[in-house]
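Here's the structure, in structure tokens; my notes come after.
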Amino acid sequence: MLKFIIITGGVISGLGKGIVTSSIGKLLQARGFKIQICKIDPYLNIDAGTMRPTVHGEVWVTYDGGETDQDLGHYERFLNRELSKQNNITTGQVYLQVIQNERSGKYLGSDVEIFPHVSEEIKRRIKNVAKDDTDFILVEIGGTAGDYQNIPFLQACRLLKYEEDLPVIFVHVVYVPIPAHLGEAKTKPVQQSVRFLWEMGVAPDMIVCRSERPVDDVRKKKISTFCNISSKNIFSSHDVKSVYKVPLLLEEQGMTSQIFEKFNIENGKPDLDLWNSLIEKINSPKKKVKIGLVAKYFKTGAFLLPDSYVSVVESVKHAATHLSIEPEIVWFDALEIEKKPELLSEVDGVIVPGGFGSTGIEGKIRAAKYARENNIPYLGLCLGLQVAVIDFARNVCGLKANSSEFDVGAEHSVIDILPEQRELLKNNDYGSSMRLGNYPTVIKKGSKLFEIYGESIILRRHRHRYEVNPKYHVLLQENGLVFSGISPDEKLVEFIELPEHKFFFATQAHPEFSSSFEKPEPLFLNFVKSCT
Ligand code: GLN
């Protein structure tokens with residue numbers, strides 16, 4: 001029978017609920033269970049596509065073209081499998097559906113209400129992520145207990161249990177602060193957060209405490225006493241060197257046995273051999289590399305927010321782990337690189353990740369130029385391909401080149417929008433004007449790219465509007481730029497390379513959405529290798 005594990009958060013946001021959810025998923029998967037994970041985002045946006053990365057973090061792209069919350073990325077990286085856009089539910093999707101139902105007469109005669117109509121739609125969507133063979137659905141409810149945005153979702157999950165009599169447990173992930181002036185872990189915020197859940201009619205079955213240091217038995221006892229949960233169902237998820245250690249941390253504390261006890265099922269042994277061997281490599285790296293990321297969405301006020309590039313950073317880490325290398329990510333502001341590209345001489349390799357709009361563009365073009373001219377390994381991701389082509393057109397082919405995204409009147413728009421996308425933009429249809437999700441690339445035999453992938457057709461995820469302008473394909477190639485991956489109709493450039501260079505590859509795709517801890521993406525693997 002399909003079982004449900006609902007994960008809620010308490011005290012503050014940004015706790016790493018997604019990592020705890022992914023870890024529980026991994027532990028169940030390692031015992032052979034078939035699982036689905038679904039993320040609920042209580043905002044009114046239909047999806048994350050139109051959100052600013054500095055506010056919301058990275059937009060994750062699913063194979064079927066969904067633009068979702070970055071937690072889906074964590075799930076895929078831990079589980080080493082693909083999840084659909086249906087695995088991300090937002091308030092916007094739910095209300096839109098209910099209103100459409102009402103307009104089309106589906107509820108004829110009823111007052112359409114949050115309960116039962118909205119909660120029914122939420123339950124329907126949650127159950128909809130299950131496949132025929134699914135054993136467990138993990139549902140992570142975004143936000144924090146006490147937010148009124150997530151009340152309908154909490155209620156819907158409660159109703160799964162008490163109205164539909166389905167096997168459901170609630171896991172509450174909470175913050176346990178250790179104020180510096182006290183030096184002691186305080187549990188009061190946990191107690192208050194659990195009270196918010198009680199007000200909603202939800203009594204958590206388990207508590208996962210996020211803290212800087214391990215939460216000890218004294219604190220667990222206190223939480224147990226005030227929150228009506230036995231100490232054996234209270235777990236510590238303290239800060240660790242790598243997020244991939246969290247499944248092991250929870251396993252050591254017996255979390256899976258407790259989950260099985262609650263559902264009355266037998267506890268098997270997990271197969272975590274590969275996982276453990278990778279953690280060993282993280283514990284004792286043989287080399288170090290410095291990777292420069294030339295970025296623009298990583299500062300909010302006085303704080304760094306590398307979340308905007310989480311998949312790129314994780315893909316580097318996956319590759320490095322497999323190679324027993326410890327990577328250090330060095331952040332460069334594209335605006336500074338515009339003035340001082342030589343700052344990049346300090347790193348072993350350069351990544352120019354994706355992005356939109358003209359801010360910092362000249363800096364990114366200079367980064368591509370600097371890496372090209374100084375034989376520094378270069379990996380360009382989407383926008384990173386476009387700036388590499390602009391640099392090549394300007395400095396090798398001698399054109400006054402740009403992308404029409406940054407300069408509509410450029411003399412040579414070597415990067416230009418496709419006519420179909422232009423139509424959508426004219427109508428302000430920003431929500432659906434991109435080339436999204438998986439598209440195939442045909443890899444040229446004999447290219448270095450073919451050596452990397454070892455196959456002639458690959459699928460990678462996309463999220464962009466602009467392309468290498470077909471008018472310049474011949475000129476760019478005549479000057480030595482190799483189009484080593486193209487679309488099957490031969491119209492679009494998917495991958496470029498410079499064969500004489502130590503490592504110079506860029507792609508219109510986002511290979512960072514195809515990397516997992518157990519299976520690094522080949523382009524990243526070869527990039528990190530070339531940096532040593
Ligand atoms: N802004 C560019 C485009 O839309 C690149 C997008 C990206 O890097 N994801 O084509």
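Start at 1 and go down the list; that is how both ligands and their atoms are numbered.
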Show, in sequence, the C-alpha distance, side-chain angles and deciding distance for Glu76 and Arg81, and conclude whether the salt bridge (charged side-chain N to carboxylate O under 4.0 Å, His left out) test is met.
CA-CA 5 Å; Glu76 289 203 15; Arg81 52 165 282 215; over 6 Å; no

Judged on heavy-atom distance to atom 5 (C) of ligand 1, which of Gly355, Ser358, Ser403, Gly380 sits nearest?
Gly355

Have a look at His462, Arg465, Arg463, Arg435 and point out the one with the heavy atom closest to atom 3 (C) of ligand 1.
Arg465

Look at atom 7 (C) of ligand 1 and say which protein heavy atom is nearest, naming residue and atom and giving the distance to 0.1 Å.
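The protein heavy atom lying closest is Cys382 SG, 3.1 Å.
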
Report the nearest protein non-hydrogen atom to atom 10 (O) of ligand 1: residue, atom name, distance rounded to 0.1 Å.
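Answer for atom 10 (O) of ligand 1: Tyr466 N, 2.8 Å.
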
Between [X] and [Y], does any side-chain donor sit less than 3.5 Å from a side-chain acceptor?
| X | Y | value |
| --- | --- | --- |
| Asn88 | Asp41 | yes |
| Gln386 | Ser403 | no |
| Tyr75 | Glu140 | yes |
| Ser315 | Glu521 | no |

Would you say Gln386 contacts ligand 1, with heavy atoms under 4.0 Å as the rule?
yes

Indicate, as side chain, backbone, both or neither, the part of Met434 found under 4.0 angstrom from ligand 1 when only non-hydrogen atoms are considered.
neither

Using a 4.0 Å heavy-atom cut-off, say whether His464 meets ligand 1 through its side chain, its backbone, both or neither.
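Within the 4.0 Å criterion, His464 contacts ligand 1 through backbone and side-chain atoms alike.
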
For His510, take its heavy atoms, then give the atoms of ligand 1 lying under 4.0 Å from any of them.
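The list of qualifying atoms is 9 (N).
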
Counting from 1, what ligand 1 atoms have a heavy atom of Glu405 closer than 4.0 Å?
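Close to Glu405: 1 (N), 2 (C), 3 (C).
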
Classify the angle between the aromatic ring planes of Tyr309 and Trp331 as parallel (below 30°), tilted (30 to 60°) or perpendicular (above 60°).
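Judged by the thresholds at 30° and 60°, the geometry between Tyr309 and Trp331 is tilted.
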
Short N or O distance, Leu383 and ligand 1, threshold 3.5 Å exclusive:
yes

Pick from Ser515, Ser516, Ser311: which one makes a side-chain hydrogen bond (donor to acceptor under 3.5 Å, both in side chains) with Arg77?
Ser311

